Amino acid sequence: MTRIAVSRTGEVVLAATTTGLFRCSDSERKHWTQVLDVPLGIVLFDPTDDQRAVAGALDAGAAFVSSDGGRTWQTATHESKPWSGRVELAYAAKDPAIVYASVQMTSGRIWRSTDGGRTYRLRRTLDSSGQVADYLGDQGWYGNAVWAGDPTDANLVVLGGVDLWRSTDGGDHITEISTWWHPRSVHADHHAIVSHPSYDGTANRTVLFGNDGGVFMAQDLSRTGTEPEPPFVEGWTELDNNYGVTQFFSGAGNRITGKIIGGAQDNGTLCFDPALGAEGWQQIFGGDGGWCASDPDDPDVFYGEYVFLNIHRNTDGGTSDDTDGDRYISGQFWNETIREWDWKPLPFHIPDAKNNQALFIAPFALDPNNADRLLAGGLSLWRTNNAKEPNTPSSGPTWQAIKPSAGSKISALAVTPGDSDLIWVGHVNGMLFRTTNGTAATPSWARVGVTGPDRLRPSRYCTCVTVDPRDPETVFVAFGGFEADNLWVTHDGGARWSRLAETLPDVPIRAVAIHPRRTELLYCGTEVGLYASEDRGVTWSATNEGPANCSVDQLFWMDETLVSATHGRGMFRIDLSTV
């Protein structure tokens with residue numbers, strides 16, 4: 001579900017989803033009727049008339065209008081250029097006959113309707129230089145918001161893409177008012193713009209903004225971001241405070257210092273220092289954060305990644321930031337001679353990282369038996385045996401492909417504790433491979449789980465592989481998809497497989513952890529929270545601790561403390577040493 005609209009009387013609810021628009025008018029909300037079969041990103045009721053409503057397509061480049069309370073819909077028409085991509089809409093609070101459309105196009109264009117959303121006309125959308133403004137960048141499919149909530153001025157419009165823009169003439173001219181990269185301004189990628197409940201355009205001009213960095217406020221919209229040139233920081237207030245909603249993909253901790261790092265969606269790689277208290281987080285690398293690793297013997301060494309397997313290394317215990325990327329060990333570096341990003345020669349780079357032939361958030365792992373060895377998954381599996389080699393613009397860790405491409409990107413991998421030769425690799429299409437000579441120059445790989453009556457049946461995204469630390473023949477494999485049978489186990493190295501998800505919900509399973517001392521105790525991170533088993537996965541129960549019903553993307557141990565990295569509620573930890 002993307003958006004919900006409720007009529008002023010509360011009688012009718014419209015739900016925009018990725019499969020279409022649904023309408024409900026019974027008080028118990030039991031009966032829903034599909035009234036549009038186009039994936040939608042926005043639906044709105046006219047703020048003055050419950051019979052009128054508008055909706056915008058998620059990717060089809062279309063807007064729709066209803067005049068009978070959402071029962072039936074017609075496609076809106078528009079002049080000039082064809083529309084494409086996502087369409088966001090906003091009624092003008094002063095005159096709901098005026099509807100603004102922020103259309104994805106190549107980099108964003110504004111249209112305006114004066115007949116309640118039936119027809120639209122193109123606005124010029126010019127920036128301060130007189131050029132068509134690139135206000136959505138190339139991410140209009142993701143960050144796209146429009147607001148026209150001033151009851152005194154129908155021409156006042158705010159647009160949200162990567163940054164925020166303001167227009168005072170109904171979208172003909174727009175001015176940038178935020179700078180995503182400045183710490184005193186507003187975070188990037190905007191999804192929601194909401195007026196203060198008492199906003200009246202005169203005494204109260206407060207507007208709230210929701211984005212990938214949380215919630216921000218403009219106390220007086222007319223005086224916000226008014227500098228003559230960037231950065232635009234005037235008038236912005238961050239309201240996150242203790243609002244713990246960081247979307248972590250991964251985490252790792254050092255048992256010596258207690259420090260934890262995590263890769264967060266659009267909020268970089270962050271480090272938590274327990275000596276600084278619950279709010280002791282600081283960024284150590286910018287952009288998107290991904291998978292993480294911690295050197296078990298050297299508390300100064302952490303690993304993280306930017307997108308597409310661009311691995312970076314921190315050697316000061318997570319105490320300083322490096323947004324310039326000098327710490328990349330995957331081969332990318334800033335070339336001062338040509339003043340642009342460049343790549344080191346082979347073997348000092350990962351070709352799959354250079355060519356974006358890896359998942360946006362790609363898996364890598366530190367060998368638990370050898371802190372100098374990193375494995376990284378793109379289309380191929382890459383290995384370095386000198387992960388801590390000094391980094392220069394022409395040298396650094398050396399990389400070698402040790403598993404050829406199987407035609408599907410790697411999505412999970414695991415090295416067996418106590419045996420570096422025994423490596424497991426899972427793929428996006430569900431394939432699972434195993435090698436027993438993983439430290440060899442050219443390891444031999446065998447696909448497992450594809451033959452026999454007890455074979456591994458899912459053919460969907462492999463999310464996790466976890467090897468029992470006391471029994472290398474016991475391996476747990478998890479899968480994505482809102483389907484049954486997303487958790488499997490083998491006790492003979494992959495020859496035979498058994499289902500373990502009968503008492504788990506039919507949702508993606510993202511992480512499996514085994515208690516390091518009592519291996520019959522299992523913990524499972526799912527799309528809807530954390531589950532625990534006391535009988536090696538035969539039965540499961542939801543926990544009443546910590547993450548609640550949000551996505552748990554990774555579980556990792558710091559001695560016998562289990563840490564849960566969630567995608568939406570930050571991180572949680574629990575001491576299980578007394579179990």
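Worth saying up front: this structure is predicted, and the values here are computed from it rather than measured. In this chain, residues are counted from 1 in sequence order.
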**Request:** Apply side chain to side chain contact (heavy atoms under 4.5 Å, CB included) to C464 and list each qualifying residue two or more places apart in sequence or on a separate chain.
**Result:** T466, A478, V512
**Prompt:** Does anything in residues 266-278 pair up under salt bridge (Lys or Arg N to Asp or Glu O under 4.0 Å), and if so which pairs, sequence neighbours excluded?
**Reply:** none
**Item:** Within residues 383-398 or reaching into it, pairs that qualify as side-chain hydrogen bond (donor to acceptor under 3.5 Å, both in side chains) - sequence neighbours excluded
**Value:** D295-K388, K344-N391, R373-N385, R383-Q400, T384-N386, N386-T398, T392-S395
**Asked** Under 4.5 Å between any side-chain heavy atoms of T474 and V489, yes or no?
**Response** yes
**Item:** R470: partners by side chain to side chain contact (heavy atoms under 4.5 Å, CB included), with sequence neighbours left out
**Value:** D468, R517, T519
**Asked** According to the ring-ring contact (aromatic ring centres under 6.0 Å, His included) rule, which pairs have a member within residues 559-579, sequence neighbours left out?
**Response** F249-H567
**Item:** Student check: side-chain heavy atoms of S564 and I574 closer than 4.5 Å
**Value:** no
**Item:** Residues in side chain to side chain contact (heavy atoms under 4.5 Å, CB included) contact with T257, at least two apart in sequence or another chain
**Value:** N254, K259, P299
**Item:** Within residues 432-448 or reaching into it, pairs that qualify as salt bridge (Lys or Arg N to Asp or Glu O under 4.0 Å) - sequence neighbours excluded
**Value:** R434-E473
**Prompt:** Got a sec, which pairs hit ring-ring contact (aromatic ring centres under 6.0 Å, His included) with one end in residues 295-318, sequence neighbours left out?
**Reply:** F285-H312, F308-F360
**Request:** Scan residues 431-466 for pairs that pass ring-ring contact (aromatic ring centres under 6.0 Å, His included), counting only residues two or more places apart or in two chains.
**Result:** H427-F433
**Asked** Which residues satisfy the side chain to side chain contact (heavy atoms under 4.5 Å, CB included) test with E502, sequence neighbours excluded?
**Response** R499
**Prompt:** Going by the ring-ring contact (aromatic ring centres under 6.0 Å, His included) test, which pairs reach into residues 365-419, not counting sequence neighbours?
**Reply:** none
**Prompt:** Which residues pass the side chain to side chain donor-acceptor pair (under 3.5 Å) test with Q282, sequence neighbours left out?
**Reply:** none
